[in-house]
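In what follows, a single structure is set out as structure tokens and then discussed.
Letters A, B, ... are given to chains in the order of the sequence lines, protein chains preceding strands, and every chain is numbered from 1. Quick caveat, the model's predicted, so the values are computed rather than measured. We use all heavy atoms of the structure for the numbers below, so side chains are in, but hydrogens, waters and symmetry mates are not.
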Amino acid sequence: MKKLQQQLLDWFQENARELPWRKTYTPYHVWISEIMLQQTQMDRVVDYFNRWISRFPDLKSIAGACEQDVLKLWEGLGYYSRARNIIKSANILVAEYCGKLPADHNQLLKLPGIGKYTAGAIMSIAFNKEYPLVDANIERVFARLFNLAQPVKDKKTSAFIWRKAGDLLPYGKAREFNQALMELGALVCIAKNPRCKICPIKTDCQAFSFDLVAKRPVLNAPAKTIFIEMATGILEQNGRILIQKRKPKGVWANLWEFPGGRLEAGETPEMALVREYLEETELAVGNLKKITTVKHSYTIYRVTLHCYFCSLMDGRLEPVLHGAQEYRWVKPEELSDFALPAGHRKLVDHLQNEMGLFM
DNA sequence: TAACCGTGGGC
DNA sequence: TGCCCAAGGTT
């Protein structure tokens, strides 16, 4: 084995964080952790992972699981299609693979939610097979190690990084080596203020030798942020609150929310709320009382969410849905049973913490 | 293929 | 505080 690989393996041996899925490397645990870790940082995943394993201890227990239970467990983690795809994959695995993850790269790639990275991660981390993987950490590490001047997302650059990840992989050490590269990227070769002084492979790092570490990796221009304002209303009647289940496609698919929507040009939040209630539910609401303003963000949007209490005016008493697939009148304390988008969950938290309402 | 799909923490 | 970012996949 070459010096570079050995230095990385030694460093990982000493510095690897203790993580719940690093104890036994049970394939099911590795799979769930890798899905949760997609576009999500380690520190945020650990609690979700532990709760997941408590609730769904093995693959068979997730097959046939209720989607609402799974989404509730996933609430706040984002990219909810990941959770739905776990259920789909588990059902396929129970029906066609004896309820076990196959140690087969091509078969893994056919499962929903598993792409090139995750297939490589399961093959190497769960089964210790010689398959490379490339994530944002490894892109950054290699962009510096090989001083890559082209954007790492470019097709040729990406192909180069994947090839290098395979070339460097030491036989019999795929599990440790792939994790070592990612761990180095997460703890040492970080995006801002990298800790080059303590890097175990700095003598091999071309960007370090040219003093170009701060200029690597070269990234594409980020999508432009869009600032929007939205209004939402908690409609209470006879002690119950109206919530609706979002449509099965698009953002926050199958999650529950209070009706509302985006302000149009020239509208006040109050005008937008009344209009959105009419459009989405055919209900006429009024008597608006401002609760709070919640700031949250998703994808490229930065949202200011104006939150109100409202009540039913003359007219229809039950909604006719145009923006959702289902509705319910729930007691305030039942809201904790439903998976809400983060902005709406922040509103419920505000009512509970700042206004002392039991929810 | 480029757009879509969330979120909270770090600085 | 505003901005940047993260163990990607799907369509």
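- C:dG8 atom C1' lies 15 Å from atom CG of A:Asn220, rounded to whole Å.
- A donor-acceptor distance shorter than 3.5 angstrom exists from the side chain of A:Asn178 to the backbone of A:Tyr131, with no hydrogens or angles considered.
- Ion pairing between a basic and an acidic side chain is recognised when a charged N comes within 4.0 Å of a carboxylate O; A:Arg262 and A:Glu229 show no such pairing.
- Side chains of A:Glu282 and A:His322: a donor on one and an acceptor on the other come within 3.5 Å.
- Here the two rings, on A:Trp74 and A:Tyr48, have centers that are 6.0 Å apart or farther.
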Can you check salt bridge (charged side-chain N to carboxylate O under 4.0 Å, His left out) on A:Arg316 and A:Glu318, steps first, answer last? CA-CA 6 Å; A:Arg316 186 182 291 284; A:Glu318 290 296 324; over 6 Å; no
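- Ring geometry, A:Tyr298 versus A:Tyr301: the interplanar angle falls from 30° to 60°, so the pair is classed tilted.
- Enclosure of atom CZ in A:Arg51 by more than 12 non-hydrogen atoms of other residues, nucleotides or ligands within 6.0 angstrom is indicated.
- More than 12 non-hydrogen atoms from other residues, nucleotides or ligands lie less than 6.0 angstrom from NZ of A:Lys346.
- To the nearest whole angstrom, the two C1' atoms, one in B:dT1 and one in C:dG9, are 14 Å apart.
- Without hydrogens or angle criteria, A:Thr40 side chain to A:Gln38 main chain gives a donor-acceptor distance under 3.5 Å.
- Comparing the same atom, C1', in C:dA7 and in B:dA2 gives a spacing of 23 Å after rounding to whole Å.
- Between the side chains of A:Asn254 and A:Arg246, no donor N or O sits under 3.5 Å from an acceptor N or O.
- Side chains of A:Tyr308 and A:Glu270: a donor-acceptor N/O pair is present below 3.5 angstrom, by distance only.
- Only A:Met182, A:Glu183, listed by number, bring a heavy atom of residues 175-190 of chain A to less than 4.0 angstrom from any atom of DNA chain C.
- A donor-acceptor pair shorter than 3.5 Å can be found between the side chains of A:Gln179 and A:Arg22.
- Donor-acceptor pairing under 3.5 Å is recorded for the side chains of A:Arg140 and A:Asn137.
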All N/O contacts under 3.5 Å from nucleotides 1-3 of chain C to the protein, with atom names and distances to one decimal?
none

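- For DNA chain B, the outermost nucleotides in 5' to 3' order that have an atom under 4.0 Å from a heavy atom of chain A are B:dT1 to B:dG8.
- Across residues 24-50 of chain A, A:Glu34, A:Leu37, A:Gln38, A:Gln39, A:Gln41, A:Met42 each have a non-hydrogen atom less than 4.0 Å from an atom of DNA chain C (numbered order).
- Computed from coordinates, the A:Leu219 CG to C:dG8 P distance equals 14 Å when rounded to whole Å.
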Pair A:Tyr117, A:Glu34 - check side-chain hydrogen bond (donor to acceptor under 3.5 Å, both in side chains), show working. CA-CA 9 Å; A:Tyr117 164 80; A:Glu34 288 300 336; 2.7 Å; yes
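- Positionally, the nearest nucleotide of DNA chain C for A:Leu19 lies more toward the 5' end than for the other of A:Leu19 and A:Ile114.
- Relative orientation of the A:His344 and A:Phe258 rings is parallel, given thresholds of 30° and 60° on the angle between their planes.
- Using atom P as the reference point in both B:dG6 and C:dC3, the two lie 23 Å apart (nearest Å).
- Aromatic ring pairs are classed by plane angle as parallel below 30°, tilted from 30° to 60° and perpendicular above 60°; the pair A:Phe338 and A:Trp256 is perpendicular.
- Within residues 131-139 of chain A, no residue is approached by DNA chain B to less than 4.0 Å at the level of any non-hydrogen atom.
- Sorted by residue number, the list of members of residues 64-83 of chain A with any non-hydrogen atom under 4.0 Å from DNA chain C is empty.
- A:Trp21 has its CH2 atom 13 Å from the P atom of C:dA7, to the nearest Å.
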